[in-house]
Amino acid sequence: MSSVSDRLPDFPWDKLEPYKKTAAAHPGGIVDLSVGTPVDPVPELIQKALVDAADSPGYPTVWGTPALRDAITGWVERRLGARDVTHRHVLPVVGSKELVAWLPTQLGLGPGDRVAFPRLAYPTYEVGARLARAEYEAYEDPTELDPAGLKLLWLNSPSNPTGKVLSKADLTRIVAWAREHGVLVVSDECYLELGWEADPVSVLHPDVNGGSYDGLVAVHSLSKRSNLAGYRAAFLAGDPAVLGPLLEIRKHGGMMTAAPTQAAVVAALGDDEHVRVQRERYAARRTVLREALLGAGFRIEHSEASLYLWATREESCWATLAHLADRGILVAPGDFYGPAGENFVRVALTATDERIQTAADRLKA
């Protein structure tokens, strides 16, 4: 009998090791713009909330404290423009990657069921389908998919890796198509607060969904907007008919967000100022890197939102990776996100101001 791991592709990041060694050997040290992990401090008010909840000897609940659910529902209404959001419309999860990887399994999908995701996409969408033994396919326009057997449609706006943002009109059209064919839409909106040349919209907005959450779930994370990647803090919002059964399954599985993390999320969602400050940091870094890449002969496509620049020198992504590694800069190859990315690299904004400036200086040299 084959093991579960046999269903999965090789872990892509392992392929970067030789390039990482090359970049690390640069006299000025490596500038790692590959993974996109936050480097700025966790805001003090969030740290304080975590510490104040450190004495938590009992088990947390999967559904979270009432205070956490209040914080999520309040944020969803205030920030996303959603209406009439109750506790039944929300569900905390242990970081968004866990949710993406296990959602098809928790939805009961299996052989004969289909999962679809963008042609350039976060690799874990495919991993989740593989874990469930479901079929999967990438799309250019989801409304051109064959709806037969299609059980889960992933949207991702703003996109990882491209930073592309789906317009309100596109979202409305896609939601209407999915509802017509009984397809569940799960919208990964983890970068929604990081729009630069576009204003991303949630599927939870009434202009998109007509005031109904039927067949819709949005995924949100605090990893990037609040520097909480190390806290594993995320949540779902949307159709109670989907979230209710997921809650029961996750109770049985013990998929609980730690109690101190729950308290930290309450503080984070209640404060917009730290998000504004972090956005300004990323905006400044984006300007520096974007100008340097363009000056070095790169072309940047999309990238109107998110924490990445989707860049190309019109060559194999691995040739670009080697070119940059020789300059002490490590980026992510575009083919990690699908064959359509074979000539692109993803350049993360998640490095300190000093490292970002160092990368820019090396690109100009």
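If you read the sequence from its start, that first residue is 1, and numbering goes on from there.
Taking the six-membered ring where tryptophan is involved, the planes of Trp310 and Tyr337 are perpendicular, since the angle between them exceeds 60° and thus also 30°. Classified by interplanar angle (parallel below 30°, tilted 30° to 60°, perpendicular above 60°), the ring pair His181/Trp177 is tilted. Ring pair Tyr136/Phe117 is parallel by interplanar angle, where below 30° counts as parallel and above 60° as perpendicular. Ring geometry for His87 versus Trp63: interplanar angle over 60°, hence perpendicular rather than tilted (30 to 60°).
Scanning all heavy atoms of the two residues, the minimum distance from Ala267 to Ile46 falls at CB-CA, 4.4 Å. Heavy-atom minimum distance, Gly238 versus Leu243: N-CD1, 3.8 Å. Taking each heavy atom of Pro111 and Ala132 in turn, the nearest pair found is CD-O, 4.2 Å.
Expressed to the nearest 0.5 Å, how far CG of Leu204 lies from CG of Leu80 amounts to 6.0 Å. Of the inter-residue distances, the one linking Glu189 atom CD with Ser157 atom OG reads 7.5 Å to the nearest 0.5 angstrom. Going from atom CG of Leu324 over to atom CG of Leu293 covers 7.5 Å, rounded to the nearest 0.5 Å. One distance of note links CG of Asp188 with OG of Ser96; it measures 6.5 Å at 0.5 Å rounding. Between the CG atom of Leu349 and the CG atom of Leu194 there is a distance of 9.0 Å, given to the nearest 0.5 Å. Atoms CG and CG, on Leu192 and Asp199 in that order, are 8.0 Å from each other to the nearest 0.5 Å.
Judged by distance alone, the side chains of His323 and Thr320 never bring a donor and an acceptor atom under 3.5 Å apart. Residues His274 and Ser226 bring a donor and an acceptor atom of their side chains to less than 3.5 Å of each other. No side-chain donor from either of Arg313 and Asn343 sits under 3.5 Å from a side-chain acceptor of the other. In summary, the side chains of Thr257 and Gln262 do not present any donor paired with an acceptor at a separation below 3.5 Å, with no hydrogens or angles considered. Under the 3.5 Å distance criterion, with hydrogens and angles disregarded, no donor-acceptor pair is assigned to the side chains of Gln357 and Asp353. Looking at Thr261 and Arg232, their side chains never bring a donor and an acceptor atom within 3.5 Å of each other. Remark: the Glu354 side chain and the Thr358 side chain contain an N/O donor-acceptor pair separated by less than 3.5 Å. In the model, Asn227 has a side-chain atom that pairs as donor or acceptor with a side-chain atom of Gln278 under 3.5 Å.
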Exercise for review: Given salt bridge (charged side-chain N to carboxylate O under 4.0 Å, His left out), test Asp10 with Lys15 step by step and report yes or no.
Suggested key: CA-CA 9 Å; Asp10 293 335; Lys15 299 177 186 176; over 6 Å; no
Practice item. Determine, stepwise, if the pair Leu321 / Leu16 fulfils side-chain contact (heavy atoms from CB on, under 4.5 Å). Key: CA-CA 9 Å; Leu321 200 71; Leu16 288 192; 3.5 Å; yes
Practice item. Might you work through the side-chain contact (heavy atoms from CB on, under 4.5 Å) test for Leu236 and Leu246, ending with a clear yes or no? Key: CA-CA 10 Å; Leu236 307 180; Leu246 281 180; 4.0 Å; yes
Practice item. Before giving the answer on salt bridge (charged side-chain N to carboxylate O under 4.0 Å, His left out), spell out for Glu193 and Arg79 the whole-Å C-alpha distance, their side-chain angles and the decisive distance to 0.1 Å. Key: CA-CA 9 Å; Glu193 296 212 83; Arg79 182 61 186 85; 2.9 Å; yes
Practice item. Begin with the C-alpha distance, continue with both residues' side-chain angles, and end with the deciding distance and a verdict on side-chain contact (heavy atoms from CB on, under 4.5 Å) for Leu216 and Arg179. Key: CA-CA 9 Å; Leu216 301 177; Arg179 284 175 167 168; 3.5 Å; yes
Exercise for review: Would you please test Val31 and Leu33 for side-chain contact (heavy atoms from CB on, under 4.5 Å) and show each step?
Suggested key: CA-CA 6 Å; Val31 178; Leu33 307 177; 3.8 Å; yes
Practice item. Could you walk me through whether Glu280 and Arg276 pass the salt bridge (charged side-chain N to carboxylate O under 4.0 Å, His left out) test, one step at a time? Key: CA-CA 6 Å; Glu280 287 186 355; Arg276 185 191 66 78; 2.6 Å; yes
Review point. Between Tyr191 and Tyr308, is a ring-ring contact (aromatic ring centres under 6.0 Å, His included) present by the stated rule, with each step listed?
Key: CA-CA 10 Å; Tyr191 296 90; Tyr308 312 104; 5.7 Å; yes
Check your understanding: Given the rule in the salt bridge (charged side-chain N to carboxylate O under 4.0 Å, His left out) test, do Asp141 and Arg173 qualify, once you have shown the distances and angles that lead to the verdict?
Key -> CA-CA 11 Å; Asp141 179 343; Arg173 176 177 60 85; 3.3 Å; yes
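Asn160 places no side-chain N or O within donor-acceptor distance of the main-chain N or O of Tyr122, the cut-off being under 3.5 Å. A donor-acceptor contact shorter than 3.5 Å links the side chain of Arg346 to the backbone of Val35. Between the Ser167 side chain and the Asp170 main chain, a donor and an acceptor come within less than 3.5 Å of each other.
Between Phe336 and Trp13, the gap from one ring centroid to the other is short of 6.0 Å. In this structure, the ring of Tyr282 has its center no less than 6.0 angstrom from the ring center of Trp196.
In the displayed structure, Glu44 atom CD is contacted under 6.0 Å by at most 12 heavy atoms of other residues, nucleotides or ligands. The 12-atom threshold is exceeded at CG of Asp146, counting heavy atoms of other residues, nucleotides or ligands nearer than 6.0 Å. Around atom CZ of Arg88, no more than 12 heavy atoms belonging to other residues, nucleotides or ligands sit under 6.0 Å away. Atom CZ of Arg83 has 12 or fewer neighbouring heavy atoms from other residues, nucleotides or ligands inside a 6.0 Å radius.
Ion pair Arg130/Glu135 not flagged as a salt bridge, since none of the NZ, NE, NH1 or NH2 atoms sits closer than 4.0 Å to an Asp/Glu carboxylate oxygen. Looking at Lys224 and Asp40, no side-chain N of the basic residue comes within less than 4.0 Å of a carboxylate O on the acidic one, giving no salt bridge. The pair Glu137-Arg114 counts as a salt bridge, with a side-chain nitrogen and a carboxylate oxygen less than 4.0 angstrom apart. A salt bridge links Asp52 with Lys48: the closest approach of a Lys/Arg side-chain nitrogen to an acidic carboxylate oxygen falls below 4.0 angstrom. Contact check on Asp113 versus Arg133 returns no salt bridge, with no Lys/Arg side-chain nitrogen under 4.0 Å from an Asp/Glu carboxylate oxygen. With respect to the salt-bridge test (charged N to carboxylate O, under 4.0 angstrom), the residues Glu314 and Arg299 qualify.
The shortest distance between side-chain heavy atoms of Ile329 and Arg362 falls below 4.5 Å. Counting only heavy atoms from C-beta outward, the side chains of Leu145 and Leu153 approach each other to under 4.5 Å. In this structure the side chain of Tyr213 never reaches within 4.5 angstrom of the side chain of Val242, judged on heavy atoms.
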